[in-house]
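Everything numeric in this text was worked out from a predicted model, so none of it was measured. The chains referred to below are lettered A, B, ... by the order of the sequence lines, with proteins before strands, and numbering in each begins at 1.
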There are 2 protein chains.
Amino acid sequence: MSPTRAPKQTTHRGTGFLARGHDHRRCVDAALSRAEDLCAARSVRLTGLRRRVLELIWGSHKPLGAYQILEALRGERPGAAPPTVYRAVEFLVAQGLVHRIESLNAFVGCAHPGESHVSQLLICRACGEAAEIADPRLADTMDRITADAGFLAHRHAVEAVGLCRRCQIGADPE
Amino acid sequence: MSPTRAPKQTTHRGTGFLARGHDHRRCVDAALSRAEDLCAARSVRLTGLRRRVLELIWGSHKPLGAYQILEALRGERPGAAPPTVYRAVEFLVAQGLVHRIESLNAFVGCAHPGESHVSQLLICRACGEAAEIADPRLADTMDRITADAGFLAHRHAVEAVGLCRRCQIGADPE
DNA sequence: CCTGGAAATGTTATATTATAACATTCCGCC
DNA sequence: GGCGGAATGTTATAATATAACATTTCCAGG
Ligand SMILES: [Zn+2]
Ligand SMILES: [Zn+2]
Ligand SMILES: [Zn+2]
Ligand SMILES: [Zn+2]
C-alpha cells in the first residue's frame with residue numbers, strides 16, 4: 001500500500017450519515033460532475049445558475065431553504081429574487097438531482113441521481129443533517145402495500161426525524 | 001339476520017379508500033366519540049373549538065388546509081383568526097387525532113387514534129382523498145432500516161401520491 | 001360561593017414560503 | 001445576423017405560519 005494513496009472515504013451514496021471529518025469537497029465534486037453528465041445525456045441545460053444552486057445545496061449535508069439559497073446567491077447575482085431560486089430548484093428536483101424535504105420546506109442533494117429510487121431521508125434533529133438511504137426492502141414493501149391497496153403510486157417519500165448515531169452518543173452536534 | 005340491521009360498512013380504520021357511497025356520518029361520529037374517550041382518559045381538554053375543528057377536518061376524507069378550516073369557522077365564530085386554527089390543530093396533532101400531510105400543508109383525521117402507528121398516507125391526485133393505512137410490514141421495515149443505520153427515529157411519515165383504484169378505472173373523481 | 005392561577009382563546013401584527021405575470025436576455029439554429 | 005424558444009430578470013402578491021400580548025374560561029383549593 002502506498003502511503004500517498006487517497007484517504008478512504010465511504011461513498012456518499014446511500015450509506016447514511018457520513019463522518020464529521022469526511023472530505024466533503026469530494027461529495028460536491030462528484031455531485032456536480034454526475035449532474036453534468038446526466039443533463040448532457042438528457043439534453044437539458046444545466047446552466048450556470050442551476051449549477052450554482054446545486055452547488056449551494058450541496059454546500060453541506062444540511063437541507064437548505066429557498067430563502068437561504070437566495071441569500072447566498074444575492075452576493076454574487078444582484079438581481080436574484082425568489083423566482084430565481086424556485087425555478088432553479090424546480091429544474092433540479094425535476095431532474096432528480098435534488099430532493100425537497102416537505103417537512104422542512106428545504107432541499108438536499110440527491111445521493112442517487114439517475115437511479116430510480118424512493119427518497120428515504122433520515123433527518124437528525126440535533127445536528128440538522130439529512131442522510132438519504134436507498135434500501136430496496138423499503139421500496140419493495142411500499143410496492144407491495146400500494147399494490148395491495150389497488151393504489152397506483154406516482155411518487156412517494158419517506159421522511160424520518162430523530163437522532164443520528166453521532167448525536168445519540170452525545171457528540172457535539174456541530 | 002334481521003332485515004333492519006345496520007348496513008355493512010367497511011370500517012374506516014386502516015383499510016384504504018372507502019366506497020363513494022359509504023355512510024360518512026359514521027366515520028365522523030366514530031372519530032368524535034373516540035376523541036372524547038381518548039381525551040378524557042388522558043385528562044386533556046377537547047374543548048368546543050377543538051372538537052369543532054376535528055369535526056371540520058373529518059368533514060370528508062380530503063385533507064383540509066388551515067385556511068379552509070378558518071373559512072369554515074368564520075361563519076360560526078366571528079373572532080376566528082389563523083392562530084385559532086393553528087392552535088387547535090396543534091393540539092389535535094399532538095393528541096394523535098389528526099395527521100398533518102406535509103406535502104399538501106393540510107390535515108386529515110387519523111384512522112388509528114390512540115394506537116401507536118406510523119402514518120402511512122395514500123393521496124389520490126385525481127379525487128383528492130387521502131387514505132391512511134397501517135401496514136405492519138412497512139413499520140417493521142422502517143424499524144429495521146433505521147436500526148441498521150444507527151438512527152433513533154422519533155417520528156416518521158410515509159406519503160404516497162398517485163391514483164386510487166376508483167380514479168384509475170376512470171370513475172368520476174368527485 | 002369566591003378567587004388565584006393556569007390554560008385556552010381573542011386580537012393584532014408580522015414572518016416565512018411560494019407563485020403570478022410580464023419584460024428582457026440568452027443561445028442554438030438557420 | 002436574426003428568428004424563436006428557453007432561461008432569467010423584475011415587480012407584485014398570494015398562501016402559509018407564528019410572535020406577542022390581552023382577555024376569557026375553567027377548575028382546584030380555600
Ligand atoms: Zn459530504
Ligand atoms: Zn435521491
Ligand atoms: Zn367516511
Ligand atoms: Zn394515523
Side-chain angles (χ1 to χ4, degrees), chain A residues 35-36 39-57 62-95 97-108 123 128 157 159, chain B residues 35-36 39-40 42-57 62-95 97-108 123 128 159:
Chain A
E36 298 278 12
C39 289
R42 294 169 181 167
S43 301
V44 296
R45 293 166 54 191
L46 185 63
T47 61
L49 172 64
R50 291 165 174 175
R51 191 180 198 284
R52 180 66 181 127
V53 170
L54 180 61
E55 190 177 21
L56 286 168
I57 290 173
K62 299 185 189 185
L64 214 53
Y67 282 75
Q68 291 177 281
I69 297 169
L70 178 56
E71 188 180 6
L73 272 184
R74 279 229 153 99
E76 59 205 47
R77 192 177 281 254
T84 311
V85 173
Y86 282 101
R87 287 192 287 227
V89 297
E90 177 184 33
F91 170 87
L92 296 170
V93 169
Q95 295 301 321
L97 301 170
V98 158
H99 291 289
R100 175 183 166 84
I101 302 184
E102 299 289 352
S103 60
L104 297 178
N105 295 330
F107 303 90
V108 71
I123 304 157
E159 296 179 13
Chain B
E36 298 277 13
C39 289
R42 293 169 181 167
S43 302
V44 296
R45 292 166 57 191
L46 186 63
T47 62
L49 172 64
R50 290 166 175 175
R51 191 179 198 283
R52 180 66 180 129
V53 170
L54 180 60
E55 191 177 19
L56 286 167
I57 290 173
K62 300 185 189 183
L64 213 52
Y67 281 75
Q68 291 177 279
I69 297 168
L70 178 57
E71 189 180 5
L73 272 183
R74 279 227 152 101
E76 59 204 46
R77 193 178 278 256
T84 311
V85 173
Y86 282 102
R87 287 192 288 226
V89 297
E90 177 184 34
F91 171 86
L92 295 170
V93 169
Q95 294 302 321
L97 301 170
V98 158
H99 291 290
R100 176 184 167 84
I101 302 184
E102 299 289 353
S103 60
L104 298 178
N105 294 332
F107 303 90
V108 71
I123 303 157
E159 296 178 13

Enquirer: Given the structure, check if the side chain of A:R45 and the base of C:dG28 hold any donor-acceptor pair shorter than 3.5 Å.
Expert: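 Counting by modelled atom types and ignoring angles, no donor-acceptor contact under 3.5 Å is found here.
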Enquirer: Between A:E159 and A:E102, is there a donor-acceptor pair closer than 3.5 Å when you use the side chain of the first and the backbone of the second?
Expert: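 Pair found, side chain donor or acceptor close to backbone of A:E102.
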Enquirer: Measuring to OP1 and OP2 of D:dT8, would you say a side-chain N or O of A:R50 lies under 4.0 angstrom away?
Expert: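 Yes, because at least one side-chain N or O of A:R50 sits under 4.0 Å from OP1 or OP2 of D:dT8.
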Enquirer: Can you tell me which residue among B:I101, B:V93, B:V85 is in a side-chain contact (heavy atoms from CB on, under 4.5 Å) with B:F107?
Expert: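 Passing option: B:V93.
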Enquirer: Taking only the side-chain heavy atoms of B:A66 (C-beta and beyond), determine which of D:dG9, D:dA17, C:dT17 contains the nearest atom.
Expert: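 Among the listed nucleotides, the one closest to the side chain of B:A66 is D:dA17.
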Enquirer: Looking at A:T47, I'd like to know whether one of its side-chain N or O atoms comes within less than 4.0 Å of OP1 or OP2 on C:dC26.
Expert: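 Answer is no, no contact under 4.0 Å.
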Enquirer: Does A:R87 or B:V44 map to a spot on DNA chain C nearer the 5' end, using the closest nucleotide for each?
Expert: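 So the residue in question is B:V44.
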Enquirer: If the cut-off is 4.0 Å, is B:R100 near the phosphate of D:dA17, judged by side-chain N/O to OP1 or OP2?
Expert: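 Yes, such a contact exists.
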Enquirer: Ring centres within less than 5.5 Å and planes less than 30° apart: is that true of B:Y67 and D:dT16 in this structure?
Expert: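 Stacked: centres under 5.5 Å apart, planes under 30°.
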Enquirer: Let me know the distance between CD of B:Q68 and P of D:dA17, rounded to the nearest Å.
Expert: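 It works out to 12 Å between those atoms.
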Enquirer: Is the side chain of B:R50 donor-acceptor paired with the backbone N or O of B:R45 at a distance under 3.5 Å, no angle test?
Expert: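 Yes, B:R50 side chain to B:R45 backbone: donor-acceptor pair under 3.5 Å.
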Enquirer: D:dA17 phosphate, OP1 or OP2: any side-chain N/O from B:N105 under 4.0 angstrom?
Expert: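 Result: yes.
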Enquirer: Indicate, yes or no, whether a donor-acceptor pair under 3.5 Å links the base of D:dG9 to the side chain of A:R77.
Expert: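 Side chain to base: no pair present.
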Enquirer: Looking at C:dT9, C:dT12, D:dG9, which one has an atom nearest to any side-chain atom of B:L49?
Expert: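 Closest of the options to the side chain of B:L49: C:dT9.
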Enquirer: On the nucleotide D:dA17, are OP1 or OP2 found under 4.0 Å from the side-chain N or O atoms that B:Y86 carries?
Expert: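 B:Y86 to D:dA17 OP1/OP2: side-chain N or O found under 4.0 Å.
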Enquirer: Taking NZ, NE, NH1 and NH2 as the nitrogens, is one of them in B:R52 or B:E55 under 4.0 Å from a carboxylate oxygen of the other?
Expert: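 Result for this pair is yes, salt bridge flagged.
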